2 protein chains.
Amino acid sequence: MLSQKARYALRAMLHLAAKPIAEPQQIADIAEGAAVPRKFLEQILLELKRRGLVHSVRGRHGGYQLGREPKDIDFAEIIRVIDGPLALSPCASRTAYRRCDDCTDEATCAIRKALIDVRNSTAKILEQHSLADAMADRRKMKPAA
Amino acid sequence: MLSQKARYALRAMLHLAAKPIAEPQQIADIAEGAAVPRKFLEQILLELKRRGLVHSVRGRHGGYQLGREPKDIDFAEIIRVIDGPLALSPCASRTAYRRCDDCTDEATCAIRKALIDVRNSTAKILEQHSLADAMADRRKMKPAA
DNA sequence: CTTGATCTAGATCGGTTCGGTCGAGATTTC
DNA sequence: GAAATCTCGACCGAACCGATCTAGATCAAG
């Protein structure tokens, strides 16, 4: 399961992607638009900023904007920033591999084999979905809005 | 991520699958063979039993045995028993669907769409891996043992 | 029928994570 | 310099996790 925090992050990023990248949007607006508790959203945006996914502008007319073009930000990256590796087990992770300390033989471990299959397919799917794709989908499904 | 408990459960089930289904294996043996803390394993086996994945025999020469043929028990089922639904979000789960309370429009939700893709592919992979397959794999990779 | 091995059940526990809030500080604009 | 904004760290309660302890129920064998 994704954490609630990660779901918030996805929604917030989608909200940012809805407007031109140039104009910064303020925390309060994002919080309202994406239905995320304001103070909690601050934490989330800070983490996203540290990893370069968003950029902040301080001061009076400040706010947050995407750090890159929407087509260059995918779901997998957002989820990894907030929740960590996608894999179901550290021994099946590519970005954060760690051997199971109680695993007797990794080579013949049938469990690991299955988990690696899962992580590969999950990563592939989530990396295919960019913010730009998501926005396009939304427009296609609800053209009147 | 899978919980440690789920990984223990998978290992324990694999251990049970290694011997003929007729002869019950005792908790102590399974604990040692699968490297699972004994008392914790008791809880795990109880849960697996409640869901019919294993069967217990009491008394002197008692123990646990698989509830069905190894080919009829897949990884997905074991994981679901211990950790709950496979999906990354309740709104993307088939076995435990629940609407996101803060979702404005499920139909156009691009996040949900991606998460459903992930859950489908994950379920497919894990349902393809049965205990019997896992044992066969292991034998194939390490024929000398 | 007693003994001892087993399963069953639940209370408990220390630690960590999760979701969320508060308050103060730093930075920029008007 | 006042006002609006982001920044940052401390904090909180509840849930969860991994694991252990204790006590009881059940059965088999001697």
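Letters go in sequence order (proteins before strands), and every chain restarts at 1. What you see is a predicted model, and the numbers here were worked out from it, not measured in a lab.
Using a 4.0 Å heavy-atom cutoff across all strands shown, B:Leu45 reaches no nucleic acid atom at all. The residue A:Gln43 sits close to a base: some heavy atom pair falls under 4.0 Å.
Regarding A:Arg58, its CZ atom lies at a distance of 11 Å from the P atom of C:dT29, rounded to whole Å. A:Ile44 has its CD1 atom 11 Å from the C1' atom of C:dC18, to the nearest Å. In this structure, CZ of B:Phe40 is placed 9 Å from P of D:dT20, rounded to the nearest angstrom. For B:Lys5 and D:dA19, the NZ to C1' distance is 10 Å, given to the nearest whole Å. What separates NE2 of A:His61 from C1' of C:dC30 is a distance of 8 Å, to the nearest Å. Going from atom CD of B:Gln26 over to atom P of D:dT26 covers 20 Å, rounded to whole Å. Taking atom CG of residue B:Leu2 and atom P of nucleotide D:dC16, one finds them 17 Å apart after rounding to whole Å. The CD atom of A:Glu47 sits 13 Å away from the P atom of C:dT17 (whole-angstrom rounding).
A:Tyr8 has no side-chain polar atom (N or O) that falls below the 4.0 Å cut-off from OP1 or OP2 of C:dC18. Residue A:Ser56 places none of its side-chain N or O atoms closer than 4.0 Å to OP1 or OP2 of D:dT5.
Every residue two or more places apart in sequence or in another chain was checked for a salt bridge (charged side-chain N to carboxylate O under 4.0 Å, His left out) with A:Arg51, and none qualifies.
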Report the C-alpha separation of A:Arg138 and A:Leu14 in whole Å, then their side-chain angles, then the decisive distance to 0.1 Å, and conclude whether the side chain to side chain contact (heavy atoms under 4.5 Å, CB included) test is met. CA-CA 10 Å; A:Arg138 186 183 289 181; A:Leu14 237 40; 3.4 Å; yes
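When each of B:Arg7 and B:Glu42 is assigned the nucleotide of DNA chain D with its nearest heavy atom, B:Arg7 is the one assigned upstream, toward the 5' end. Sequence order on DNA chain C of the closest nucleotides to B:Arg38 and A:Arg60 puts B:Arg38 first from the 5' end.
Ion pair A:Glu42/A:Lys39 flagged as a salt bridge, since at least one NZ, NE, NH1 or NH2 atom sits closer than 4.0 Å to an Asp/Glu carboxylate oxygen. No salt bridge links B:Arg50 with B:Glu47; every basic N to acidic carboxylate O contact stays at or beyond 4.0 Å.
In this model, a side-chain donor or acceptor of A:Lys39 finds a partner on the base of C:dG23 within 3.5 Å.
For B:Ser3, counting side-chain heavy atoms from C-beta on, the closest listed nucleotide (C:dG19, C:dT8, D:dG18) is D:dG18. Candidate nucleotides C:dG19, C:dT21, D:dT7 were compared by shortest atom distance to the side chain of A:Tyr64, and D:dT7 ranks first.
The side-chain contact (heavy atoms from CB on, under 4.5 Å) test with B:Leu53 is passed by exactly one of B:Leu16, B:Leu48, B:Ile82: B:Leu48.
Under the 4.5 Å side-chain heavy-atom criterion for grouping Ile, Leu, Val, Met, Phe, Trp and Tyr, B:Ile111 is connected to A:Leu86 within one hydrophobic cluster.
In this structure, NE2 in A:His61 is found 8.0 Å from CD in A:Gln26, a value given to the nearest 0.5 Å.
Between the two ends of the helix from C:dC1-D:dG30 to C:dC30-D:dG1, each summarised by a five-pair axis, the helix axis turns through 0° (rounded to 10 degrees).
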